[in-house]
Amino acid sequence: MRKLVALPVLSADALSSVAYGPEAMLAVLVLAGTAGIGYSIPIAATIVFLMLAIGLSYRQTIRAYPHGGGSYIVASDNLGRVPGLVAAAGLMTDYILTVAVSIAAGVAAITSALPSLAASSVLIGVAAIAVLLACNLRGIRQAGAIFAAPTYAFVIAMVALVAVGIADAGGRGFDPVPHPPVNATEGLGILLVMRAFASGATAMTGIEAISNAVPAFKPVEWRNARTTLTWMIGLLVTLFSGIIALVHFDGILPRSGETVLSQLAHSNYGSGPIYVYTQAATAAVLLLAANTAFNDFPRVLSLLARDDHAPRLFARMGDRLAFSNGIILLSVAAGLVYVAFDGRTASLIPLYAVGVFLAFSLSQAGMVVHWWRLRDRHWRKSLVFNATGGVLSAIVLITAGITKFTEGAWVALVAVALFLFVTTRIRRHYDTVAAALRLQLHAIEIPRRTIAPRVPAPAEGVEGSPDLPGSADSSHPSHPSEPADSPDGREVRDPEAFRAAGDEAGKSEETEEVPEEVRHLSLVPIETLDRAGMRALAYAASLEQPVLVVHVSTGVREAETFREHWRLWGDHLPLQELVSPYRAVIAPLVNYIEALHHQRPDLTLTVILPEVVMRQRRYSALHGRTAPRLRRALRPLRKIVVTSVPFHV
């Protein structure tokens, strides 16, 4: 991405947080009455310093991780597995609450302009989450001017609001407008000030988004990413400071039914078109900020699944090249949280701070360890920046955890602990299964001869080549019909028309009524060479029928690894390799089997599937459902027999 596009797309979460961060801080200070409001400027100045420190820290992260350095990756690489999981827990909590809080704030912006919709705010928020779910399942992504427009519209609206407000204040000599009298409901003390600081610091959420997406930039990637991060921090500081200044000069206080931004826009613009534009831009950028979580949450979840800390189904992309399962999980979780807290931004903020600053703290601590180990040029300066950011983030985390514990922070802390417990148990289970499936040296006897009986010649009157892929003369055959693949792994031609053509070629296929009329070919789809796969291969070879092994690789590296293992085993069966760069597995297999059946309709294809069966059913959900899915996909086809070879663990 170009910087002009990357800035609004990746900064939407951070910049939109000024719509609720200052208000969250003021909502706490107002509890102490007029005396509490007086602390808004010093606390805001402290938060601005924190923004600058964290921004400088993430500049170092971008330099150290030019291929993308999210909190999970940085903490795992430098601090170990458990700190990495804790950082991931903070990120996952952050992303879920990003959706809930952004939707709540966006709905609040709408209902501030249209008070008649206030009673339907929960319904509107749930509908917005459903729309985001549908769009992301369809593969709609943040890119280009369409997704950049809401952020730029919001920045223009906020800069104009601040400029008009400051000019108006300057016209009256910068004398603040007296705010309405406020009765104190709590005493002014250090705990209340710390609560206000922790609430206002939520305006920093989303700062790490650019460090996660460094490879998306044009070359030189890391340099462009650092420049974009600097611009984002500059805009964030300007907008946050400007809104706090306007609140001070205009005498605005939080109140039920209308947001602080809406009050500021009303105060400076009235209720005309510019006010409507300001509210519309605010709602649009908050919805866009919610959508950023639909990109980041599934990606982090896929990394966890890749490392065996989450069910492997979350590592699988759908037909639209999206992590569909992760998107659905995020939508459900965010929707439940949103409904549970009645869509109130003020109620969700206490949960928000814990996840945000837990991830910040561990990421920066990991960077300190990284620089201490590396000790390259300028390592001392980078270490100081990251150490400062880590200490400040930890202070905010502890402050939020203590002062907001009873307000809901305990929910986030319990969620982190539960996440850590579940992910470690999942990893332990996968390690146990891997040990049970692992091929041991000399545990499998290598066949002494090549097991590749010839495929029988086609019956008289049936078209088809006797040298079918998979015969003894073809150990690495090509695709029988070599159809062009679409992005989801299926043929470009109409699948129904293709299936109809196969049916037409074999109208009289299912006429075998005696064993001698059945002509066999066994296909064994193999994902990895483990004990389950070897058992399926042994079973297929024991039938003394022609056998063809099919492997679908989702990348060049995986294909090379499998090929090395296959040669090591002895290459005693013919192998057909299919490459699916879009990570689809079922569709390419079905496509290949359909083409094979179309070429040789006289054969009965027996698909032999290795299937890992868990003795404890509660672990079944952790394992891929490739065998059942492939069985369902092949069931409608003629003369195809599907059988499973179970391996019990």
Side-chain angles (χ1 to χ4, degrees), residues 8 12-13 15-27 30 98-132 146-147 149-166 168 177 179-180 202-203 239-240 242-247 249-291 338-339 341-349:
D13 189 6
L15 297 179
S16 67
S17 63
V18 302
Y20 51 80
E23 183 169 357
M25 179 189 73
L26 293 169
V30 78
T98 291
V99 176
V101 172
S102 295
I103 293 295
V107 172
I110 294 172
T111 56
S112 294
L114 301 171
S116 59
L117 297 177
S120 305
S121 58
V122 173
L123 183 61
I124 295 172
V126 172
I129 294 175
V131 170
L132 291 175
I146 294 177
F147 291 98
T151 306
Y152 277 130
F154 177 73
V155 170
I156 292 171
M158 292 299 101
V159 170
L161 179 61
V162 170
V164 170
I166 295 297
D168 183 63
V177 174
H179 57 71
T202 56
L239 297 183
F240 182 84
I243 290 170
I244 292 295
L246 285 192
V247 167
F249 289 127
D250 291 355
I252 300 296
L253 294 178
R255 71 185 185 199
S256 177
E258 187 175 12
T259 65
V260 166
L261 277 185
S262 176
Q263 293 182 62
L264 288 173
H266 261 141
S267 174
N268 289 278
Y269 300 139
S271 300
I274 301 181
Y275 167 78
V276 174
Y277 166 77
T278 302
Q279 293 303 104
T282 302
V285 77
L286 286 165
L287 291 176
L288 177 60
N291 197 52
Y338 181 84
V339 172
F341 288 85
D342 292 327
R344 294 195 301 266
T345 309
S347 301
L348 292 165
I349 289 295

Who are the side-chain contact (heavy atoms from CB on, under 4.5 Å) partners of Val131, not counting sequence neighbours? Cys135
When every non-hydrogen atom of Ser16 is compared with those of Val285, the smallest separation belongs to CB-CG1, 3.8 Å
Check side-chain contact (heavy atoms from CB on, under 4.5 Å) between Val339 and all other residues, then give those that pass, not counting sequence neighbours. Val122, Val126
Quick one, Val164 and Tyr269 - any side-chain contact, counting heavy atoms below 4.5 Å? yes
Partners passing side-chain contact (heavy atoms from CB on, under 4.5 Å) against Leu26 (at least two apart in sequence or in another chain): Ser40, Val247, Pro254
Please report the shortest heavy-atom distance between Ala245 and Ile166, naming the atom on each side. CB-CD1, 4.3 Å
Search all heavy atoms of Tyr20 against all heavy atoms of Thr345 and return the closest pair with its distance. CB-CG2, 4.0 Å
Considering only heavy atoms from C-beta outward, does the side chain of Thr278 approach that of Met158 to under 4.5 Å? yes
Smallest separation among heavy atoms of Val162 and Ile243, with atom names: CG2-N, 4.2 Å
side-chain contact (heavy atoms from CB on, under 4.5 Å) filter on Leu117, not counting sequence neighbours, yields Ile110, Thr111, Leu114, Ile124
Ser120 meets the side chain to side chain donor-acceptor pair (under 3.5 Å) criterion, sequence neighbours left out, with none
My understanding is that only residues two or more places apart in sequence, or in another chain, count here; which of them pass ring-ring contact (aromatic ring centres under 6.0 Å, His included) with Phe249? Phe174
Glu23 versus Val260, closest heavy-atom pair with distance: OE1-N, 3.3 Å
Just list the side-chain donor-acceptor pairs under 3.5 Å for residues 99-109, sequence neighbours left out, or say none.
{"unit_1": "Ser102", "atom_1": "OG", "unit_2": "Thr98", "atom_2": "O", "d": "2.8"}

Per the side-chain hydrogen bond (donor to acceptor under 3.5 Å, both in side chains) rule, what does the pair list look like for residues 258-268, sequence neighbours excluded? Asp250-Asn268, Arg255-Glu258, Glu258-Ser262, Glu258-His266, Ser262-Tyr275, His266-Ser271
Between Tyr277 and Ala153 (side chain of the first, backbone of the second, donor and acceptor by atom type, cut-off under 3.5 Å), is there such a pair? yes
